[in-house]
There are 2 protein chains.
Amino acid sequence: MAETKTTPGVQSVERAFELLELIGRAGGEAALSELALDTPLPLPTIHRLLRTLVGIGYVRQLNNRRYALGPRLIRLGEVANRQLGALSTPILQNLVNELGESASIAVLDGDMVTYISQAQSPHAMRMITEVGRRSSLHGTSVGKAILAVLDNDRVQRLVNQAGMPAHTPKTITTMHQLFDELEAVRARGYAIDEEEQELGVRCLGMSVPGAPTPMAVSVSGPVTRVTDEFASRAEPYLRAATTQLSAALAVTTG
Amino acid sequence: MAETKTTPGVQSVERAFELLELIGRAGGEAALSELALDTPLPLPTIHRLLRTLVGIGYVRQLNNRRYALGPRLIRLGEVANRQLGALSTPILQNLVNELGESASIAVLDGDMVTYISQAQSPHAMRMITEVGRRSSLHGTSVGKAILAVLDNDRVQRLVNQAGMPAHTPKTITTMHQLFDELEAVRARGYAIDEEEQELGVRCLGMSVPGAPTPMAVSVSGPVTRVTDEFASRAEPYLRAATTQLSAALAVTTG
DNA sequence: CCAATTTTTCCACAATCCGGAAACTTTGAC
DNA sequence: GTCAAAGTTTCCGGATTGTGGAAAAATTGG
């Protein structure tokens, strides 16, 4: 399997989390056999891992025998969120104060992006992204910003896996277009979503350098406000935000 | 350690989650050596497990070398929360509609309770409990309701571990008092927090039967409204709520 | 700059986890 | 109601995988 130089890693732990992810991706609930389709693991192995997770409360078993994410995960998520929120909220809020448009943070999660934090624009007409919401990589500014810092192999793999559904007539739908676009993103330093996700909405996204999990910050608003002039004005603030976030993630915060 | 008849369970997975819990309990961030104090595991083992978790993004390493919960946990927590929220919100809301006081759900989490869901009273003076907030077992109605369904050994162990700090002059502070109180809870079918957590606040708490993780529902309000008459009126609604929740947790919901 | 502490790497042993096969349970068809 | 098919769970021998003592590296403090 072309192992290159990854760290060892405890297999059963990695597999257990893979199963949690799969259940999460399936909407929070899945049958044993469904999980078996999405993973090369043999059924007894999946079953044993799930049984373990059920035993410690991170998965619960419904009486259809299906498996769902357990309540104990909520707490862990809360703590992680609070930690990250404490770091990210002031940074995002500052972006909103300076630029007047909604700002958010998303992480790479499987073959999509997941929004983990947001600060909203004071405008009545504003972009709202629920925390926890997932979007495609190829059709969002955060997604493209993240892809731009990954190597081409990985981009290819992720996008092949997820497909390239068009959300609007402007969505990028071919790999060739996408690679051109990523080249432009790298040259520019940030990604632009030109109504590719939703008509009338334009977003600027910039990667957080050196983040533990690939991660990006974006500002979004209606095309009427998020103009090229806006982008020029926004760039240094985005740069500052990603730099601060990078530092905050790496350094302890008490 | 007096292993009795627990299911096998994959050790490395159990240990990995134990570490996540410990980090969470330490406020979301801990050093390797700190973790070593709270667990009998040898340092290299802890280190290897953490390295694995870092590799897959569930833990991140700060550049003090300390370990913090990673951003990927947020997503899992969100999904679990959404699932549970979908089940619990209408049930809690119904309680609020019928009784007019704030209702919440808490789970046993280590030696404390964690609130995982809430619906607020329409009154201006109302009880607000943030989701994710933790409280003591001996000083809350949910805590006492949960303890009442556990066996005495476990109660003893949990409470010894957590201690019995007094939040108000009415808080139970001795093990003897507590066991008497739990007896009363069992007889009554639900627990009462008589201003033991906060003066002026009275709560009724009832356990969810057969929950995967020990769990309880409560309604809380000012003593002036949460009278004994209120309790009599509330009991059947609480009973209905815990029964519904029990069923909803066990049965799939699409 | 050197000593003490903490974190990380190494490696041989064997305990732990793995997964094929089979038993059991549920679902659906007749 | 009965039987077949699909899905789930248990078993268990074998070897891969994870374990943890010991030592090296890195960091902190004096």
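We name chains A, B, ... by the order of the sequence lines, and we start the count at 1 in each one.
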| Just to confirm, is there a sub-4.0 Å distance from OP1 or OP2 of C/dT5 to any side-chain nitrogen or oxygen of B/Ser33? | no

| query | What's the CG-C1' distance between A/Leu32 and D/dT9, to the nearest Å? | reply | 9 Å

| task | Whole angstrom is fine here: how far is it from CZ in A/Arg66 over to C1' in C/dT27? | result | 14 Å

| request: Mind calculating the distance between CG (B/Leu53) and P (C/dT8) to the nearest angstrom? | output: 14 Å

| query | Any Lys/Arg nitrogen of A/Glu183 or A/Arg186 sitting under 4.0 Å from an Asp/Glu carboxylate oxygen of the other? | reply | yes

| Interatomic distance where CG belongs to B/Leu35 and P belongs to C/dT8 [whole Å] | 11 Å

| note | Protein-proximity profile, nucleotides 19-24 of chain D, B/S/- by nucleotide at the 4.0 Å heavy-atom cutoff, equals BBBB--

| message | Assuming nearest nucleotide by heavy-atom distance, tell me which of A/Arg65 and A/Val13 is located more 5' along DNA chain D. | response | A/Arg65

| Distance-only donor-acceptor check, side chains B/Thr129 and B/Ser104, under 3.5 Å | no

| query | Is the side chain of B/Ser246 donor-acceptor paired with the backbone N or O of B/Thr242 at a distance under 3.5 Å, no angle test? | reply | no

| B/Arg51 side-chain N/O to C/dT9 phosphate OP1/OP2 under 4.0 Å | yes

| query | In whole angstroms, how far is the P atom of C/dA22 from the CG atom of A/Leu43? | reply | 16 Å

| Donor-acceptor contact present, side-chain B/His138 to main-chain B/Pro165, <3.5 Å | yes

| query | End-to-end bend of the helix from C/dC1-D/dG30 to C/dC30-D/dG1 (five-pair axes, 10° rounding)? | reply | 60°

| message | Would the distance check show the side chain of B/Arg15 and the main-chain N or O of B/Ile46 forming a donor-acceptor pair, the cut-off being under 3.5 Å? | response | no

| field | B/Phe17 and A/Phe17 aromatic ring geometry - parallel, tilted or perpendicular at 30°/60° bounds | value | parallel

| message | With no hydrogens and no angle check, just 3.5 Å: does a side-chain donor-acceptor pair link B/Ser135 and B/Thr140? | response | no

| request: Decide if atom CZ of A/Arg133 counts as having more than 12 heavy atoms of other residues, nucleotides or ligands within a radius under 6.0 Å. | output: no

| query | To the nearest angstrom, how far is B/His47 atom NE2 from C/dT7 atom C1'? | reply | 6 Å

| request: Would you indicate what B/Glu34 reaches in the nucleic acid, counting non-hydrogen atoms under 4.0 angstrom: base, sugar-phosphate, or nothing? | output: nothing

| message | Is any side-chain heavy atom of A/Ser12 closer than 4.5 Å to one of B/Gln11? | response | no

| said: If the cut-off is 4.0 Å, is B/Tyr67 near the phosphate of C/dT8, judged by side-chain N/O to OP1 or OP2? | reply: yes

